[in-house]
Amino acid sequence: MARLSSVFLVLLLHVVLLITSPLCEGTKFRHSSSRNHVVAFFIFGDSFLDAGNNNYINTTTLDQANFWPYGETYFKFPTGRFSDGRLVSDFIAEYANLPLIPPFLQPGFRHYYAGVNFASSGAGALVETFQGSVIDLKTQLRYYKKVETWLRHKLGNVGAEVTLSKAVYLFSIGTNDYMSLFLTNSTKLKTYSESQYVEMVIGNLTSVIKEIYTIGGRKFGFMNLPTLGCFPGIRIVKQDTNGSCLKEASSLANLHNEALSKLLKKLSKRLKGFKYSLYDLNNNLKLRINHPYQYGFKEGKAACCGTGQFRGVFSCGGKRKVREFQLCENSNDYVFWDSYHLTEKVYKQLADQMWGGAGNSHTVGPYNLKDLFQAH
């Protein structure tokens with residue numbers, strides 16, 4: 001009996017170890033991954049990256065996407081993302097073995113080890129851009145500083161500095177600074193020349209980049225501005241263009257992109273350890289608009305969701321000023337989801353290029369995002 005009892009105890013001990021060891025490993029993994037192995041992902045910008053921050057601010061439905069049919073394909077419900085599904089940042093997080101990065105303003109979200117999303121639909125680098133309805137870039141920086149304080153409290157100064165220096169910072173900003181000139185009764189281009197206005201936008205972005213660098217950030221990813229004049233909602237701004245791209249809008253985007261490229265080259269020379277990835281969204285989106293069939297689409301100019309010519313009237317979901325809208329049968333056939341935003345299928349194609357594109361190519365460079373996440 002005594003021998004049987006001892007055998008039973010040994011067996012019981014093995015069972016207990018088998019049951020508890022995965023739990024211990026999981027705890028150890030969560031603990032270590034949250035502090036040592038995970039490269040945090042901090043996301044700044046506009047609706048191309050907003051995962052739902054605007055759900056939680058006092059704004060209009062023009063800057064919100066928390067209603068059907070947004071989110072219909074992947075999430076099966078609206079999340080606040082301006083797409084039928086996921087965004088570039090969601091795919092990049094997946095490729096970096098991170099969870100979906102939640103919006104900073106999401107209630108109850110207080111664990112920032114893997115990063116956080118500060119982006120706000122409608123936001124610009126200029127505080128005046130759609131002021132009062134969005135979270136501008138400087139406010140996004142202020143939120144980031146709150147996260148920095150939280151990390152220092154949780155990890156100590158040394159641990160926080162390691163986390164912040166290893167992190168990747170992704171930006172998509174500027175589109176609204178220029179589109180607002182054509183969508184509102186703005187007189188700014190009468191006050192400033194095009195080059196002066198671009199200089200102001202780039203200046204604000206520069207100050208935010210430098211401040212993040214001062215705090216400890218070293219690895220930055222940027223999407224340059226898309227060909228703004230070819231958005232369905234911009235094509236219809238002027239009646240005399242017969243639906244062609246609005247040259248004035250695209251011209252501003254081109255000036256911005258030239259200035260952004262020069263800025264990043266300058267910063268990489270002046271700031272020790274500064275690494276960046278610049279993705280050419282402008283040309284890669286243009287290719288899909290003009291040659292949709294080559295990229296697996298059937299329609300490159302009109303939106304899947306909206307109304308009017310090119311479905312350029314921003315009515316998707318029927319919750320905005322114009323209630324009437326049409327919805328395509330298959331969003332995968334379309335480059336544009338609504339009047340100003342892209343389908344999940346496009347975002348995935350862009351994310352694939354941003355992640356794994358050959359560095360120093362015309363598409364992405366001098367690093368790709370995979371390089372930045374793996375760099376020490």
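Only a predicted model underlies this, so the values are computations on that prediction, with no experimental measurement involved. Computation of the quantities below employed the complete heavy-atom set of this structure, encompassing side-chain atoms and omitting hydrogens, waters and symmetry-equivalent molecules.
For Thr227, the side chain to side chain donor-acceptor pair (under 3.5 Å) criterion is met by Ser250, not counting sequence neighbours. Taking the side-chain contact (heavy atoms from CB on, under 4.5 Å) definition, one finds that Asn254 meets it with Asn282, sequence neighbours left out.
A donor-acceptor distance shorter than 3.5 angstrom exists from the side chain of Asn54 to the backbone of Asp63, with no hydrogens or angles considered. No side-chain donor-acceptor contact under 3.5 Å links Ser47 to the backbone of Ser121.
Within 6.0 Å of CD on Glu199 lie no more than 12 heavy atoms contributed by other residues, nucleotides or ligands.
For Tyr70 and Phe82, the gap between ring centers is short of 6.0 Å.
A 4.5 Å side-chain heavy-atom check between Ser277 and Met354 finds every atom pair outside the cut-off.
Membership of the apolar cluster around Val134 extends to Phe130, as traced through chained side-chain contacts below 4.5 Å between ILVMFWY residues. Tyr293 belongs to no multi-residue hydrophobic cluster, having no ILVMFWY side-chain contact under 4.5 Å with any other such residue. Alongside Tyr74, the hydrophobic cluster contains Phe75, Phe77, Leu100 (criterion: ILVMFWY side chains under 4.5 Å).
The pair Asp338-Arg311 does not meet the salt-bridge criterion, since no charged nitrogen lies less than 4.0 angstrom from a carboxylate oxygen.
For the disulfide (SG to SG under 2.5 Å) condition, the pairs that include at least one residue of residues 275-310, sequence neighbours left out, are Cys304-Cys328, Cys305-Cys316.
Side-chain contact annotation: Thr307 with Gln326, donor-acceptor N/O pair under 3.5 Å present.
Between Val198 and Tyr178, the shortest heavy-atom distance links the atoms CA-OH, 3.5 Å.
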